[in-house]
Amino acid sequence: MHAIDCIVSAPGKAILHGEHAVVHGKVALAVSLNLRTFLRLQATSTSKVCINLPNINTFLSWDVSALQHLLQDKTIDHGNLKELDADLVRRLREFTGIEDGSTDTRSMAVSAFLYIYFSVFSKSKALPSLTVTVWSELPTGAGLGSSAAYCVCVAAALLSTQGAVSCPLGPDGDTARWSGEELEMINQWAFQGERIIHGNPSGVDNAVSTWGSILRYHAGKITPLQRVPTLRILLTNTQVPRSTKTLVAGVKDKINKFPSVLNPVLESVDAVSCMCEQTLMEMAKGSPTAEHYATLEELMDINQHHLNVMGVGHPSLDTLCTVTLRRGLHSKLTGAGGGGCGITLLRPDTDNAVVQSTIQDLKDTGYECWETNIGVPGIQLHSPHSIKEEVMNVFNSY
Ligand SMILES: Nc1ncnc2c1ncn2[C@@H]1O[C@H](COP(=O)(O)OP(=O)(O)O)[C@@H](O)[C@H]1O
Ligand SMILES: C[C@@](O)(CCOP(=O)(O)O)CC(=O)O
Ligand SMILES: [Mg+2]
């Protein structure tokens, strides 16, 4: 089979409320971020599948014939996106030598790519020869959904090149989006990749990366928030590395150990998400008041305490909260926690001098910090001339 060239990009996300609780069926609110992952797929005639992942210093290739061998006598149930195909996972492990439960960056990225590649192309007569290069503006493993943006890009590019979804870019178009039905398919395949990387993902990250904007996510149900006030958010990366898979597993262990203690905490997080949603809707209807912002700030403080109770806090995140509170600003971790990133809510009238001093305080602590834009579009298809020079330069160096 001959693949078709394409370039796609998908955004990262910040979870306003509900991380971890969402894995256990509670409500989460999440927003897309203006930091994107870009993927270029090139059809080749080298009889090889090559992946270039410069963010994680991984450059690998396999002979298509060896990959074809792995699929021998294997039937893949394409309709079953409810769970991972355990036999395919086992074959992949044997082929790559990656151990079960591995949480190292390279193993997870390679396994997720190969899993989606095999599943998508196993229907085709022959596996295609191609080169995939992925480069991201997102920090990897820092709570901003880089794994989901990666999986959404891989799923969209492979499904497009296979023909399972269209290539909606016209001859003169710069960027294009897929139909709702096609996005649903991309999202489901990306979720399979997230299962490899997160172990037991809720699906909120891949949903935001696929659809973009601001979403309420509850037990697989995705509801875009129609009207929200403009939110100003400061993002801080504590630079403390952590693994989502390990943190998610740790919360599950705690719930199993102390169900009567942890279940009410999850219920309370659910209430925080719902109250935040309600407040945002009220703010969008009329003119937002200082009281509305005070409520949003208090909810952030409460949820940060919940997350500490779940065991996903970190001294670096405590420092973030303390440093920002000295300037009157409220913060919480975002994503899986254990280090990684936090968000700080700014009011529309927060003085620029206060913002700049806070950013400086956090930089002095050794953190990266910047004001971000939220609510950007989800997965997109790009023409090569619409891609930023910086990204094209990365692509062209492989
Ligand atoms: N640009 C990228 N290139 C290759 N792998 C990536 C990229 N972005 C994310 N990943 C994969 O996702 C993993 C990080 O996922 P995770 O621990 O869920 O953190 P987060 O999603 O918060 O960034 C990395 O270890 C890697 O396997
Ligand atoms: C902790 C969790 O709620 C979000 C994880 O986000 P991230 O991988 O840390 O960006 C897990 C999930 O929803 O699958
Ligand atoms: Mg992730």
Side-chain angles (χ1 to χ4, degrees), residues 9-30 32-33 35-40 51-60 98 102-115 132-154 190-191 193-209 215 217-220 235 237 240-252 266 269 273 303 306-307 310-312 314 333-343 391 394:
S9 79
K13 61 93 228 277
I15 296 184
L16 298 180
H17 290 293
E19 47 275 272
H20 289 290
V22 68
V23 175
H24 305 279
K26 308 300 176 205
V27 174
L29 297 179
S32 58
L33 291 178
L35 295 174
R36 301 183 80 85
T37 295
F38 295 84
L39 179 153
R40 177 168 74 176
I51 54 168
N52 301 312
L53 308 174
N55 296 109
I56 60 165
N57 199 22
T58 297
F59 307 90
L60 294 168
I98 294 171
S102 173
T103 56
D104 85 90
T105 307
R106 177 175 298 191
S107 303
M108 293 193 296
V110 169
S111 306
F113 171 81
L114 285 176
Y115 185 91
V132 164
T133 304
V134 183
W135 181 78
S136 186
E137 297 167 338
L138 288 160
T140 330
L144 301 184
S146 78
S147 60
Y150 172 76
C151 293
V152 170
C153 283
V154 169
F191 187 52
E194 275 281 83
R195 280 192 164 120
I196 303 251
I197 296 177
H198 278 195
N200 181 26
S202 65
V204 64
D205 290 6
N206 46 286
V208 184
S209 192
L215 302 180
Y217 189 90
H218 184 208
L235 259 180
N237 187 353
V240 174
R242 72 326 154 269
S243 146
T244 300
K245 196 177 203 169
T246 310
L247 287 152
V248 167
V251 172
K252 182 147 198 276
L266 301 180
V269 173
S273 293
N303 195 8
H306 286 136
L307 290 157
M310 290 182 215
V312 297
H314 189 270
L333 69 84
T334 191
C341 288
I343 51 174
V391 180
V394 175

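Both counts, for ligands and for their atoms, begin at 1 and track the order of listing. Positions are given from 1, in the same order as the sequence printed here.
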Is the contact between [X] and ligand 1 made by the side chain, the backbone, both, or neither, using heavy atoms and a 4.0 Å cut-off?
X: A148; result: neither
X: T244; result: both
X: L144; result: backbone
X: H198; result: side chain

*Can a non-hydrogen atom of I56 be found less than 4.0 Å from any atom of ligand 1?*
yes
*Does E194 have a heavy atom less than 4.0 Å from any atom of ligand 1?*
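False for this residue.
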*asked:* Please state which option from G141, C341, S107 has its nearest heavy atom closest to atom 19 (O) of ligand 1.
replied: G141
*Should one rank I51, T105, T246 by closest heavy-atom distance to atom 26 (C) of ligand 1, which comes out on top?*
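It is T105 whose heavy atom sits nearest to atom 26 (C) of ligand 1.
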*asked:* Test your reading of the structure: does G143 have an N or O sitting under 3.5 Å from an N or O of ligand 1?
replied: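 G143 vs ligand 1: N/O contact under 3.5 Å present.
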*Contacting atoms of ligand 1, where contact means under 4.0 angstrom from a heavy atom of N55*: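 Reading through ligand 1 atom by atom, the close ones are 1 (N).
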*Protein N/O/S atoms under 2.8 Å of the Mg ion (ligand 3)?*
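Within the sphere that stays under 2.8 Å of the Mg ion (ligand 3), the protein atoms of type N, O or S are S147 OG, H198 NE2.
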*List every atom of ligand 2 that sits less than 4.0 Å from any heavy atom of P201, numbering the atoms from 1 in the order shown and giving each element.*
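Here the atoms of ligand 2 in question are 14 (O).
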*asked:* Considering non-hydrogen atoms of the protein only, which is the closest contact for atom 3 (O) of ligand 2, and what is the distance?
replied: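 The closest one turns out to be H20 N, 3.0 Å.
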